[in-house]
Amino acid sequence: MSKPKFKNPVVNWIDYRLPIFTFMNHELNEYPTPKNLNYFWNFGSLAGITLVIMIVTGIVLSMNYTAHIDYAFDSVERIMRDVNHGWLLRYIHMNGASFFFIVVYIHIFRGLYYGSYKAPREILWILGVLILLLMMATAFMGYVLPWGQMSFWGATVITNLFSAIPLVGESIVTWLWGGFSVDNPTLNRFFSLHFVLPFVIVGVVILHLVALHRFGSNNPIGIDVKGKQDTIPFHPYYTIKDLFGLSVFATVFAAAVFFFPNFMGHPDNYIPANPMVTPAHIVPEWYFLPFYAILRAIPDKLGGVLFMFGAIMVLFVLPWLDKSSVRSSQFRPLYKLFFWFLVIDCIALGYLGAMPAEGIYVVLSRLATAYYFFHFLIILPLLPKIESTRPLPVSISTPIITTSSNASTVMAMREKK
Amino acid sequence: MRFSKLVLYFLILFNFFLSKLALSAGKAIEYPDKNWSFSSIFGTFDKASAQRGFQVYKEVCAGCHGMRLISYRNLAALGYNQDELKAIASQFEITDGPNDDGEFFTRPGRTSDKFASPYPNKKAAIAANGGAYPPDLSLIIKARPNGANYLHALLSGYVEPPKNMKVPEGMYYNKFYSGNLIAMPQPLYEDGVEYLDGTKASPDQMAIDVTTFLAWASEPELEERKQLGITVILFLIVFSILSYFSMRQIWAPIKNKN
Amino acid sequence: MTNKNTPDDKNKRDFLQVSTYALGAVGAASFVWPLINQMNPAADTLALASTEVDLEQLEEGQAITVTWRGKPVFIRHRTKEEIASAKDQLLDGLRDPQTDDERVKNEKYIVLVGVCTHLGCVPLGQKSGDVKGEYGGWFCPCHGSHYDHSGRIRKGPAPTNLEIPQYSFLSDTLIKIG
C-alpha cells in the first residue's frame, strides 16, 4: 500500500482530491469484522436494504399519489389498476413496511441477546432506538395516506393520544390536525412528513454506522476483538454472506408481495374513510400491537400514553440498567432465561393488542405490561448481583481453534456445553 | 443456537397468525368455503363465470350499487373484444359536461368511462334506500374479511327468520349478516336473469358468478401478479442457491483454518 | 493483515461467483424496470385517446380548437381561396414537401395538431383577429414560424409541417380524432 493506492489512475486522481475511494475501501472493503458473526448479524444490512427499497418505491408512488381527502383513496386505486406496474410498487411498499419492522425487531432482539448495547456501544444503541422511533412515526403517517377507514381512524386515535397531556393537550391535537378533526390539512402534512422522515432516518442510519465502525461489530461471544487473528475483512466474506441473506429475505418478501399481499393488512382499509362511522374493530398494524396493548392496559388516559412511550424510553437507558460486564447471553445463564421470558412477553403483548379490551384480556395485558417494565427496571439491574456468569474464552479465535472443521462457532459453543 | 433461532422465527410467525385470528375472532359466523378458482396460489378467474357475474351485476345489483372504480374498458380482461365493449358501454347513459354552453348533458357511454353510477351522489343513494347506503362494489371482496365466501354466503343467506324474532319494516333477515338484519332485500331468485350462454340461473349459480365477477373487480391484477410472482420466486431461489455456494466457497479458507 | 486472497482455483471461483454476481445484476436491473415504467402513460390515460367532434356548426372560414390528449387540435373549415392556394403550391422549395391532398381527408376541413414543430408552442391563427403569418395559415409567436393554409412550414425555425393527428370521418360532419 505505497503511493498509488488504486490501479485505476482516474480513481487515484479523484481520490487524492476527494478521498471517497479510500473511505469506501476502508469502511466497506478492508473493514475488519469479527470472524464469528452468525446469521443474526445479517439483519443490520437487511434493514438498510429494506430502507432503500422503501424509499425508492415510495418516491415512485408519490409520483402517482394525490394528497387530498377527495382523491387520495382513488389515486391509490388508480395506482393499483391503471399505473404501469403500480400494483407491484404499491404492494412492495405496503408489505415492505411490515418486513422492515420484522427485520428491525430481529435486529433489536439480537442486540439484546448478545449485549450489543453495552460499553462502548451505548450511542450506537441509542441511535438505533431513535431509528425505531422515527420508523414508527413514518409508518404511522404512511398508513394514513390511502385514506381508508383504518387510515382515518388510526390517525384519529393516535393523534388523540396527545390530548392526554395536561393543559396543552387539546391545543396540541388541534395543532397536529390543523383543524378540529382529522381532515385535509392533516392528510397533507402527514404526506409531507411521511416523505421527509425517511431521509431523516437515512441520516441517523449514517450516524449509526459511524458509531458502529468506531469499535466494530459485537459478536456472538461478546468479547472484544483481541487482534488481527480475530477478524476478517468485510469484503468478500460478509458482502457475500449479506448477499446470501438478502436473497433468502427477498424470496420470503416476494412470496408475501405476490401471493399474500393483503395478509398483513386490514380489509377495512379498502373502504374509503368515513368520519361518521367508526369500524367495529380498530386495530393498528401488527408492528404496533405490543405498544397498543400497553396503552390499553393502563386504566388512565395519560398513564396509558406515558407507559406506551415509556416502553421505548426504557430502551434508551438500557445500557445503564444492565450493569453486567459480560455481553453475550451465552455466558449469562440467568439473563438468557429472562431474555426468552421477555421475548414471550412481547409476543403476548402483541397478541393481546389484537384482542378486544375486555375480560381476561385486560388482566393479561396488565400482567404482561408489568412484566415488561419489571424486566428492564428490576431484573436487569439486579441480575449482575446474583448471577454467576460462565468463564469467558480468551479470544474469539481460541474456541474456534479447539473445535472441529466447519461447524459454526456458535454451534460449537452450544455443543461444548 | 439453531434451535433458539427456529423458536424465534416460529414465535414471530405464530404471532402473525394469532393476531390474524384475533382480528377474525370478533365474527362468530362461519361462511361455507366455496374453493374459488382464484383463491389458490396458481389460481385464475373463471372468465365465463365472471362474464355471467357481470350480467347479474348489470341486471340485478347495478340498480342500487355503483362500481365507481371500474371502467368498461377493464372488462376486456374478462374476454370481451373491443366491439363488444363498445356495445356494452353504449347501453349506459353517462353524464358529461359542462359543454360549450356550460351545461351538463348525457351521452351514451364510451369504453373509457367508469361504470355509470345508479345515483348522482352518496346522499341521494342513502335517501333512496331508506337511510342505508348501498356500498360501492368495486372493492367489496377485498374490503370484507374472507370476502368471496362472505359475499356468496350473504347472497344465499336469506331464510325464514326464527319464530320469536321480529323483523322491522324495511329490514330483512339474513343468517350470514352480522346482527342478522340487513337493509338489502333478497336480490337473487330462480331465473332472475336469463344467462346469455344458456347456463341455468339458479340463485346459487348467480351468487357464485357475481362473486367471481366482483373478486375480479377487486383484484384485476391477480393473474398477472401470480404469474410474475412465480417467475420472481423461481429466480430468487436459484439466486439463493448460487449465492449460498459462492459464500461457502469464499468462506472455505476461513473455515478450513480451524 | 488477514489474507484476503480467495482460493487459488481461479476457474472454479470465477464460474460460481461470476454467475452469482451476474444473476444479482440481472435481478437488480429487472427491479428497476417497474420503477421506470410507472412513469409511462397509465392505462386510463391511454384509454382517453380519442375525441369525437361535430363540425355541423362550423361555417366556412371558421376554425375551432378541441382538446385531444391534452393538446390543442386545430380544425378549420377552409374557404375556396384557401383550398386553391394550398393546392396550387409547388412542392419545390418547401422544407417538408407534402401535397395538400396528402394532408386532408376532406379538402374542406384541415385537421392539425396545434403544436409548433419547433419547440411546442401553440401557433396563432385560429381566431379571426389573429396574426396568421406571411402565408395566411398560422404563425407561431415564440420563434416566428410561418405555416400556410395546409399547415406546412414555410418560413422560420420549425423543421416540419404541423402534425396531422389520426382521425376519421364518421359522417360528413362528424370526425373522430385518435
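The chains referred to below are lettered A, B, ... by the order of the sequence lines, with proteins before strands, and numbering in each begins at 1.
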So, A:Asn84 side chain and C:Asn37 main chain: donor-acceptor pair closer than 3.5 Å or not?
-> yes
How about A:Phe215: does its CZ atom have over 12 heavy atoms from other parts shown lying under 6.0 Å from it?
-> yes
What's the spacing between A:His85 NE2 and C:Ile36 CD1 if we round to 0.5 Å?
-> 11.0 Å
Distance-only donor-acceptor pairs under 3.5 Å for side chains of residues 21-34 of chain C, two or more places apart:
| residue | atom | partner | partner atom | Å |
| --- | --- | --- | --- | --- |
| C:Ser30 | OG | C:Val26 | O | 2.5 |
| C:Ser30 | OG | C:Gly27 | O | 3.3 |

If you measure from OG1 on C:Thr45 to CG on A:Asp82, what distance do you get to the nearest 0.5 Å?
-> 7.5 Å
Near C:Met39 CE, under 6.0 Å, is it more than 12 heavy atoms from other residues, nucleotides or ligands?
-> no
How would you list, by chain and number, every residue that makes a side chain to side chain donor-acceptor pair (under 3.5 Å) with A:His68, sequence neighbours excluded?
-> none
Any pair counted as disulfide (SG to SG under 2.5 Å), so long as it reaches residues 83-139 of chain C, sequence neighbours left out = C:Cys121-C:Cys142
C:Phe169 atom CZ: more than 12 heavy-atom contacts under 6.0 Å = yes
Whether over 12 other heavy atoms sit under 6.0 Å from C:Lys176 NZ | no
Segment of A:Ile59 engaging chain C (4.5 angstrom heavy-atom cut-off) = neither
Can you find a pair of side-chain heavy atoms, one from C:Gln38 and one from A:Thr57, that are under 4.5 Å apart?
-> no
Proximal to chain C - members of residues 238-247 of chain A, heavy-atom separation under 4.5 Å | A:Ile240, A:Leu243
Within a radius of less than 6.0 Å around CD of C:Glu134, do more than 12 heavy atoms belonging to other residues, nucleotides or ligands occur?
-> yes
